Amino acid sequence: MKEQIEEIFRQALAGAAGAGELAAPADIDIVVEKPKDEKLGDFSSNLALVLSRAAQKNPRDLAGMLAEHIPVGEGGVESVSVAGPGFINLKMSRGFYRERLKQVVAEGERHGYAPAPKNQKVLLEFVSANPTGPLHVGHGRGAAVGDCLGRLLKVAGYDVRTEYYINDVGNQMNILGRSTWLRYRELLGRPSGEFPEDHYQGDYIMDIAREIEKGHGGDFLDRSEEEVLPFFRKTAANWVLGGIKKDLGDFRVHFDNWFSEQTLYDDGSVDRALNWLRERGFVYDKDGAVWLKSSAFQDDKDRVVVKQSGEQTYFCSDIAYHQNKIERGFTRLIDLFGADHHGYVPRMKAVMEALGYDRSVFHAILVQFVTLKRGGEKVQMSTRSGQFITLSEVVAEVGVDVARYFFLMRGSDTHLDFDLELAKAETPENPVYYIQYAHARICNIFITARQQSVAWPPAGEVDLSPLAEDEEFTLIKKILAFPEVVEKSAQALEVHRVPHYLHELVAVFHGYYKRYRVVTEDGPRTLARLFLLEALRITIQNGLAIMGISAPEKM
RNA sequence: GCGCCCAUAGCUCAGCUGGAUAGAGCGACGGUUUGCGGAACCGUAGGUCGGAGGUUCGAGUCCUCUUGGGCGUACCA
């Protein structure tokens, strides 16, 4: 739809230039938007304001001149006006909107999808939590935002793959293994002293130990720690990772790929990346360690990639990992980070440059913390003591739809208060139900229609001319705005725009529903209104699908 | 100290990459249904967009300074 409107303005510009009223302008981006006040028109362009300086003309005069070149009565244009400092406003005919509405229903599940695929292969990495314990609420937000962004980008025409990077290397894994080993010994009555404070305290460690005991009994008791640790590490990691996969699956988050950090060491990728950088002088030795010259690429300072101990840092394998992403053909890398990792962004951008790519290829999305509340009271959490609310607990309490909605409803770079009591409440305070209720309500109207023997869905073409109320056109316009919402939120990588849009959309509907009856004695009008509601229902369903939230027919 | 993020109605937040008179939900107050689900609808009150400059036709949005909060500033991941 937007393209059509832009074309109208482009023609006007060409017309004015052709008539010699204006120097033929250089390639210019035509910006079309909707006026704030519906009375001003349906579409508006600031074309004259933008051109006024170059044309050395007063923007209002310029606007008036351009407006002359817009053919009223053609292409759905009902009237043209100039307003304010020089906006050109278009009012479209009702026939134009009725036709557009038919298209929405014809598109069905594809309403909102980009008309053409974008030529971009995007790798979207998110969650990527260490497999050292269950996912907590903060991970849940990252999972919801990442998953939604993946769905959104696909709808917007990007070729997207989602990926979970498993940090299965490093000291944390050793501590996980050792924690399990110690619990195992406790379990069998052979504790080796106090359980260390810096080890994993959570109950799940004991569960893993119990699992091992069940399978192997006391087989490991009389063997040295060095000997058994690899087994405990691997078993614990697999157990934890299995739990993470299950929790994410239950949360409707499915990754296209699970990428193990270990494989980057196994196949020599890490060494290869390091050598490559060293040959180009971006890696050097100092103080017995190896450094990346990231300061040459706008990072605050150089970063250690190989410690004095000879051990590679996490950052080191991350270089190889991101190189690997590019080598797999991705042209755009999006990583979701917890807000506490924001300091990591400049060095990743530096890595991209050092590797010979444009720094803008890498894009980080920061996801701020979640404060869990219960009836206004903050729920205290502490990772160290193992006292934290897990994602699966939250999902079990409030349900997947609600949890996802709450995680998605705010811009990801603002702190989020997640109140469990509010989330559970089936009240107007709960926006999830507000939207889902609209969908259920529409479905119920369809049932009523069928009960009253209205042929629905209709066999042939529906005459939409009975649609005549202002509210009906407000609703149609809102429905037609959906593709643009998708496009813009994908472009801005801001998922919260989708729930906001749906809330607005559905608010228009609830008002309309209250005021007008759909199924009446007036057959043609009933059909036309049912048709309108079908377009609306499709839009709600598609919007909720982008969020991974169900569109119930009954509640 | 330096860097990043945030600051908009009593509360929680939008504000579409600089546009027209700054919006919504909740809370408060007052209303709405002999018909499709009241998990709904309508109305009222509520603002110097933290503050001060600047950029221009035009700033909540961009720049500088400043105040208050969050986070970071590892040879941890």
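Residue numbering restarts at 1 for every chain, and letters A, B, ... go by the order of the sequence lines. Here the structure is a predicted model, which is why all the values come from computation and not from measurement.
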**Asked** Looking for any heavy atom pair under 4.0 Å, which part of the strands does A/Asp340 touch: base, sugar-phosphate only, or nothing?
**Response** sugar-phosphate
**Worked verdict on A/Asp285 versus A/Arg278 for salt bridge (charged side-chain N to carboxylate O under 4.0 Å, His left out)** = CA-CA 10 Å; A/Asp285 299 306; A/Arg278 191 184 283 279; 3.1 Å; yes
**Prompt:** What nucleic acid atoms does A/Asn171 come within less than 4.0 Å of, heavy atoms only: base, sugar-phosphate, or nothing?
**Reply:** nothing
**Asked** Taking a pair as Watson-Crick or G-U wobble with both distances under 3.5 Å, which nucleotide is matched to B/A28?
**Response** B/U44
**Message:** Once you apply a heavy-atom cut-off of 4.0 Å, does A/Ser44 come out as touching a base, just sugar-phosphate, or nothing?
**Reply:** base
**Request:** For A/Glu421 and B/C26, give me the distance from atom CD to atom C1', rounded to whole Å.
**Result:** 16 Å
**Prompt:** In terms of ring plane angle, is the pair A/Tyr437 and A/His510 parallel, tilted or perpendicular, where the classes change at 30° and 60°?
**Reply:** parallel
**Prompt:** For B/C49, which nucleotide is its Watson-Crick or G-U wobble mate, given both distances must be under 3.5 Å?
**Reply:** none
**Message:** How many whole angstroms separate atom CG of A/Asp417 from atom P of B/C26?
**Reply:** 18 Å
**B/U17, syn or anti by chi within 90 degrees of zero** = syn
**Request:** Classify the nucleic acid contact of A/Met555 as base, sugar-phosphate or nothing, counting any heavy atom under 4.0 Å across all strands shown.
**Result:** base
**Request:** Have a look at A/Ala507 and say if it touches a base, only the backbone sugar-phosphate, or nothing, with a 4.0 Å heavy-atom cut-off.
**Result:** nothing
**Request:** Please figure out whether A/Glu484 or A/Val519 has its closest RNA chain B nucleotide nearer the 5' end.
**Result:** A/Glu484
**Prompt:** Could you give the NE2-to-C1' distance, from A/His415 to B/G72, as a whole number of Å?
**Reply:** 12 Å
**Prompt:** Base, sugar-phosphate alone, or nothing: which one does A/Arg517 contact when heavy atoms must sit under 4.0 Å apart?
**Reply:** base
**Item:** Complementary nucleotide of B/G1, counting Watson-Crick and G-U pairs under 3.5 Å
**Value:** B/U73
**Request:** Measure the distance from NE2 on A/His500 to P on B/G25 and round it to the nearest whole Å.
**Result:** 12 Å
**Prompt:** To the nearest Å, how far apart are A/Gln308 CD and B/C75 P?
**Reply:** 10 Å
**Prompt:** Got a donor-acceptor pair under 3.5 Å from the side chain of A/Thr313 to the base of B/A74?
**Reply:** no
**Request:** Would you classify A/Lys554 as touching base, sugar-phosphate or nothing, given that sugar-phosphate means primed atoms plus P, OP1 and OP2, and contacts are heavy atoms under 4.0 Å?
**Result:** base
**Fill in**
When A/Asn174, A/Asn238, A/Thr180 are each screened for side-chain hydrogen bond (donor to acceptor under 3.5 Å, both in side chains) with A/Arg233, the one that passes is A/Asn174
**Request:** Describe the nucleic acid contact of A/Ala339 in one word from base, sugar-phosphate, nothing, applying a heavy-atom distance below 4.0 Å.
**Result:** sugar-phosphate
**Complete:** A/Asp413 has its side chain closest, among B/C5, B/G38, B/A14, to B/C5
**Request:** Just compare B/G15, B/G19, B/A77 and give me whichever is closest to any side-chain atom of A/Asn46.
**Result:** B/G19
**Request:** Name the orientation class of the two ring planes belonging to A/Phe482 and A/Tyr501 (parallel below 30°, tilted from 30 to 60°, perpendicular beyond 60°).
**Result:** parallel
**Request:** May I have the step-by-step check of ring pair (Phe, Tyr, Trp, His ring centres under 6.0 Å) for A/His503 and A/His500, ending in yes or no?
**Result:** CA-CA 5 Å; A/His503 197 275; A/His500 276 279; 7.9 Å; no
**Prompt:** To the nearest Å, how far apart are A/Asn430 CG and B/A24 C1'?
**Reply:** 16 Å
**Prompt:** Looking only at N and O atoms, is any donor in the side chain of A/His341 or the base of B/A77 less than 3.5 Å from an acceptor on the other one?
**Reply:** yes
**Message:** I need the CD-P distance between A/Glu494 and B/C16, as an integer number of Å.
**Reply:** 9 Å
**Asked** Using the ring of each side chain (for Trp, its six-membered ring), is A/Tyr321 parallel, tilted or perpendicular to A/Phe259, with breaks at 30° and 60°?
**Response** tilted
**CD/A/Glu471: more than 12 non-hydrogen atoms of other groups inside 6.0 Å** = yes
**Request:** Provide the Watson-Crick or G-U wobble partner of B/U17, both distances under 3.5 Å; none if there is no partner.
**Result:** none
**Asked** Looking across every strand, which nucleic acid part, if any, lies under 4.0 Å from A/Tyr516 by heavy atom: base, sugar-phosphate, or nothing?
**Response** base
**Prompt:** Donor-acceptor pair under 3.5 Å: do we get one between A/His342's side chain and the base of B/C5?
**Reply:** no
**Request:** Select base, sugar-phosphate, or nothing to describe what A/Tyr501 touches, counting heavy atoms under 4.0 Å on all strands.
**Result:** nothing
**Request:** Indicate, with a heavy-atom threshold strictly under 4.0 Å, whether A/Asn89 touches base, sugar-phosphate, or nothing.
**Result:** base
**Asked** Is A/Phe87 stacked on the base of B/G19, meaning ring centres closer than 5.5 Å and planes within 30 degrees of each other?
**Response** no
**Request:** Using a heavy-atom cut-off of under 4.0 Å over every strand shown, decide if A/Gln451 touches base, sugar-phosphate, or nothing.
**Result:** nothing
**Asked** Base, sugar-phosphate alone, or nothing: which one does A/Arg497 contact when heavy atoms must sit under 4.0 Å apart?
**Response** sugar-phosphate
**Prompt:** Looking across every strand, which nucleic acid part, if any, lies under 4.0 Å from A/Tyr344 by heavy atom: base, sugar-phosphate, or nothing?
**Reply:** base
**Asked** So which one's nearest nucleotide on RNA chain B is more toward 5', A/Gly411 or A/Gly511?
**Response** A/Gly411
**Request:** Could you give me the CA-CA distance, side-chain angles and deciding distance for A/Tyr512 and A/Tyr516, then say whether ring pair (Phe, Tyr, Trp, His ring centres under 6.0 Å) is met?
**Result:** CA-CA 6 Å; A/Tyr512 173 72; A/Tyr516 299 98; 5.3 Å; yes
**Asked** Starting at CG of A/Leu292 and ending at P of B/C75, how long is that distance when rounded to a whole Å?
**Response** 13 Å
